[in-house]
There are 2 protein chains.
Amino acid sequence: MAHLTTSVEYALHGLLWLVDSDVALSTREIAEVQGISPSFLAKIFPRLEKAGIVSASEGVRGGYRLARAADQISFLDVVNAVEGDKPLFDCQEVRGRCALFGGNPPPWAISGTCAIHAVMIQAEKAMRDVLATQTLAAVSQRFSRKIPATYMADLREWFGDRHDRRTSRIGRPRREGPS
Amino acid sequence: MAHLTTSVEYALHGLLWLVDSDVALSTREIAEVQGISPSFLAKIFPRLEKAGIVSASEGVRGGYRLARAADQISFLDVVNAVEGDKPLFDCQEVRGRCALFGGNPPPWAISGTCAIHAVMIQAEKAMRDVLATQTLAAVSQRFSRKIPATYMADLREWFGDRHDRRTSRIGRPRREGPS
DNA sequence: GGAAATCTACTCGGATACCGCGTGTCCGAGTTATGGTGG
DNA sequence: CCACCATAACTCGGACACGCGGTATCCGAGTAGATTTCC
């Protein structure tokens with residue numbers, strides 16, 4: 001398992017579907033069009049909503065939309081929302097455990113940040129800076145440049161069919177018994 | 001658990017003890033002076049040796065020394081040695097799983113690197129670049145500036161006592177039976 | 001025809017299981033230096 | 001006096017247990033929208 005988890009990857013891929021969509025998409029739709037687990041994606045999106053990245057609408061034809069413009073959503077926003085800005089390195093404070101201190105480390109040994117920790121913080125900041133510069137809009141644009149027109153049409157059809165099938169069964173009570 | 005693990009932290013702290021040492025230090029000594037698990041540290045140092053960061057000498061008074069100058073050992077070297085340059089992000093290739101492809105993604109969809117993956121690679125590179133700039137010598141120097149002279153003397157005594165006790169018992173067969 | 005009931009699909013939240021990996025311990029094998037022992 | 005042996009401490013390597021957290025599934029509760037039913 002890497003530090004940037006699969007959850008983040010699924011969230012980002014899912015969000016890209018919302019960039020150009022004018023209707024709300026349910027987690028099930030997003031999951032199934034990508035061939036990933038609907039149950040798992042349904043656990044990720046609430047975190048994005050709590051972070052204000054997407055807004056949810058309930059009920060039939062409910063789903064998620066982007067809560068703000070795609071160029072205002074950075075990769076860092078998504079990572080923090082899904083993982084809760086988990087640190088890259090958690091210092092065990094080895095400094096203060098030196099045998100000579102006997103459990104009572106002197107102030108000079110534990111003041112400030114650990115020299116090793118400081119390097120790691122710097123490395124983490126460099127990583128996060130890169131994530132902060134990349135937005136959903138930029139990546140979406142970069143990606144849509146590769147897509148052939150026929151694929152776009154097929155996608156529209158796929159979502160259209162799904163949408164029709166969804167609403168056509170709403171509210172129709174069962175005529176007869178089970179099976 | 002973070003991406004830069006406790007093993008890396010222990011390795012770095014351990015290596016710092018070797019920077020200014022003219023004798024080889026055993027993993028047990030290094031672990032006990034720092035108050036960490038000797039068994040665990042003994043599992044980490046062989047990796048550093050395999051990577052050519054330290055050199056081991058066997059037998060009594062054996063132990064580890066730095067295999068090259070401390071300013072030629074970067075944090076990145078240590079991280080790679082201990083963790084085996086585990087990627088920050090492992091792409092699940094969601095691109096090719098789109099439902100429209102039906103298991104056979106077209107070449108345009110899976111050629112090149114995934115747009116999301118590319119961002120992560122860039123972020124990882126930024127992190128590794130920082131780690132590559134920091135050397136053991138630099139951090140050791142930064143740290144030794146904080147250490148009072150009395151502490152240095154105490155340390156020398158601690159290692160001296162240990163060394164004497166170690167050699168004074170070598171080769172002396174038990175005079176009497178157990179206990 | 002309009003209001004209420006019904007049904008469906010959705011989001012939300014929690015409970016649960018699985019599994020890989022990092023942490024930590026333990027033990028046996030092989031190696032080296034030291035000091036005692038026997039020729 | 002010298003060669004040999006026993007001992008202690010070390011590295012090396014693997015086996016093993018433990019626990020945490022990420023992945024993944026399932027289910028119940030509450031909600032919104034469309035249709036049918038009833039007055």
Side-chain angles (χ1 to χ4, degrees), chain A residues 1-11 23-32 36-50 54-65 82-84 86-87 89-90 92 162-175, chain B residues 1-11 23-32 36-50 54-65 82-84 86 89-90 92 162-176:
Chain A
M1 142 211 36
H3 185 252
L4 298 176
T5 59
T6 310
S7 298
V8 170
E9 184 172 6
Y10 287 174
V23 300
L25 300 180
S26 69
T27 56
R28 185 176 304 178
E29 282 172 326
I30 299 173
E32 290 186 354
I36 64 178
S37 158
S39 320
F40 190 41
L41 198 66
K43 203 173 168 182
I44 298 173
F45 264 74
R47 299 186 217 167
L48 295 173
E49 203 230 347
K50 225 164 279 174
V54 298
S55 62
S57 52
E58 291 188 337
V60 187
R61 291 192 197 167
Y64 290 99
R65 309 165 177 272
V82 174
E83 298 193 339
K86 180 182 53 177
F89 174 85
D90 58 330
Q92 306 290 321
R162 233 188 139 72
H163 205 263
D164 293 348
R165 199 176 327 130
R166 202 205 283 187
T167 55
S168 67
R169 277 185 302 184
I170 292 178
R172 186 166 308 158
R174 262 189 232 106
R175 286 294 164 85
Chain B
M1 142 211 33
H3 185 252
L4 298 176
T5 59
T6 310
S7 298
V8 170
E9 184 173 7
Y10 288 174
V23 298
L25 299 181
S26 69
T27 56
R28 187 176 305 178
E29 282 172 327
I30 299 173
E32 291 186 354
I36 64 178
S37 158
S39 320
F40 190 41
L41 198 65
K43 204 171 167 185
I44 299 172
F45 265 74
R47 298 185 216 166
L48 296 173
E49 204 231 345
K50 225 164 278 173
V54 297
S55 62
S57 52
E58 291 189 337
V60 187
R61 289 193 200 164
Y64 290 98
R65 308 164 178 274
V82 175
E83 298 193 340
K86 181 182 50 178
F89 174 85
D90 60 330
Q92 306 290 323
R162 231 188 141 72
H163 204 263
D164 294 347
R165 199 175 329 129
R166 199 204 285 187
T167 56
S168 67
R169 276 185 303 184
I170 290 179
R172 188 167 305 157
R174 262 189 233 106
R175 286 296 163 86
E176 41 222 62

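Numbers restart at 1 for each chain; the letters A, B, ... are given by sequence-line order, proteins then strands.
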Would you list the atom pairs, donor with acceptor, under 3.5 Å between side chains in residues 36-47 of chain B and any protein atom, with sequence neighbours excluded?
{"unit_1": "B/Ser37", "atom_1": "OG", "unit_2": "B/Ser39", "atom_2": "N", "d": "3.4"}
{"unit_1": "B/Ser37", "atom_1": "OG", "unit_2": "B/Phe40", "atom_2": "N", "d": "3.1"}
{"unit_1": "B/Arg47", "atom_1": "NH1", "unit_2": "B/Val82", "atom_2": "O", "d": "2.7"}

Whole angstroms only, please: what is the [atom1]-[atom2] distance between [X] and [N]?
| X | N | atom1 | atom2 | result |
| --- | --- | --- | --- | --- |
| B/Lys50 | D/dG13 | NZ | C1' | 8 Å |
| B/Ile30 | D/dT11 | CD1 | C1' | 12 Å |
| B/Asp90 | D/dT23 | CG | P | 9 Å |
| B/Ile36 | C/dG24 | CD1 | P | 9 Å |
| B/Glu83 | C/dC21 | CD | C1' | 12 Å |
| B/Glu9 | C/dG22 | CD | P | 16 Å |
| B/Arg47 | C/dG24 | CZ | P | 12 Å |
| B/His3 | C/dG20 | NE2 | P | 19 Å |

Of the listed nucleotides [options], the one nearest the side chain of [X]:
| X | options | value |
| --- | --- | --- |
| B/Ser7 | D/dT11, C/dT34, C/dT23 | C/dT23 |
| A/Pro46 | C/dT23, D/dT31, C/dG13 | C/dG13 |
| B/Glu58 | C/dT32, D/dT23, C/dT34 | C/dT32 |

By salt bridge (Lys or Arg N to Asp or Glu O under 4.0 Å) - contacts of B/Glu32 (at least two apart): B/Arg162

Verify the contact: side-chain N or O of [X] to OP1 or OP2 of [N], cut-off strictly under 4.0 Å; return yes or no.
| X | N | result |
| --- | --- | --- |
| A/Ser57 | D/dA32 | no |
| B/Tyr10 | C/dG24 | yes |
| B/Thr5 | C/dG22 | no |

Could you report the tightest heavy-atom contact between B/Glu83 and B/His3, atom names first, then the distance? OE2-O, 2.9 Å

For a quick test of reading the model, state the closest non-hydrogen atom pair linking B/Glu29 to B/Ala24 and the distance between them. OE1-O, 4.3 Å

So OH of B/Tyr10 and CD1 of B/Ile30: to nearest 0.5 Å the spacing works out to 14.0 Å

Holding to side chain to side chain contact (heavy atoms under 4.5 Å, CB included), I want the full list of residues that pass it with A/Glu49, two or more places apart in sequence or in another chain. A/Val54, A/Ala56, A/Tyr64

Nucleotides 25-29 of chain D: which of its N/O atoms have a protein N/O under 3.5 Å away?
{"unit_1": "D/dT25", "atom_1": "OP2", "unit_2": "A/Ser37", "atom_2": "OG", "d": "2.1"}

With sequence neighbours left out, write down each residue that passes side chain to side chain donor-acceptor pair (under 3.5 Å) with B/Gln92, or none if nothing qualifies. none

Judged by each residue's nearest nucleotide on DNA chain D, which is more toward the 5′ side, B/Ala42 or B/Arg28? B/Arg28

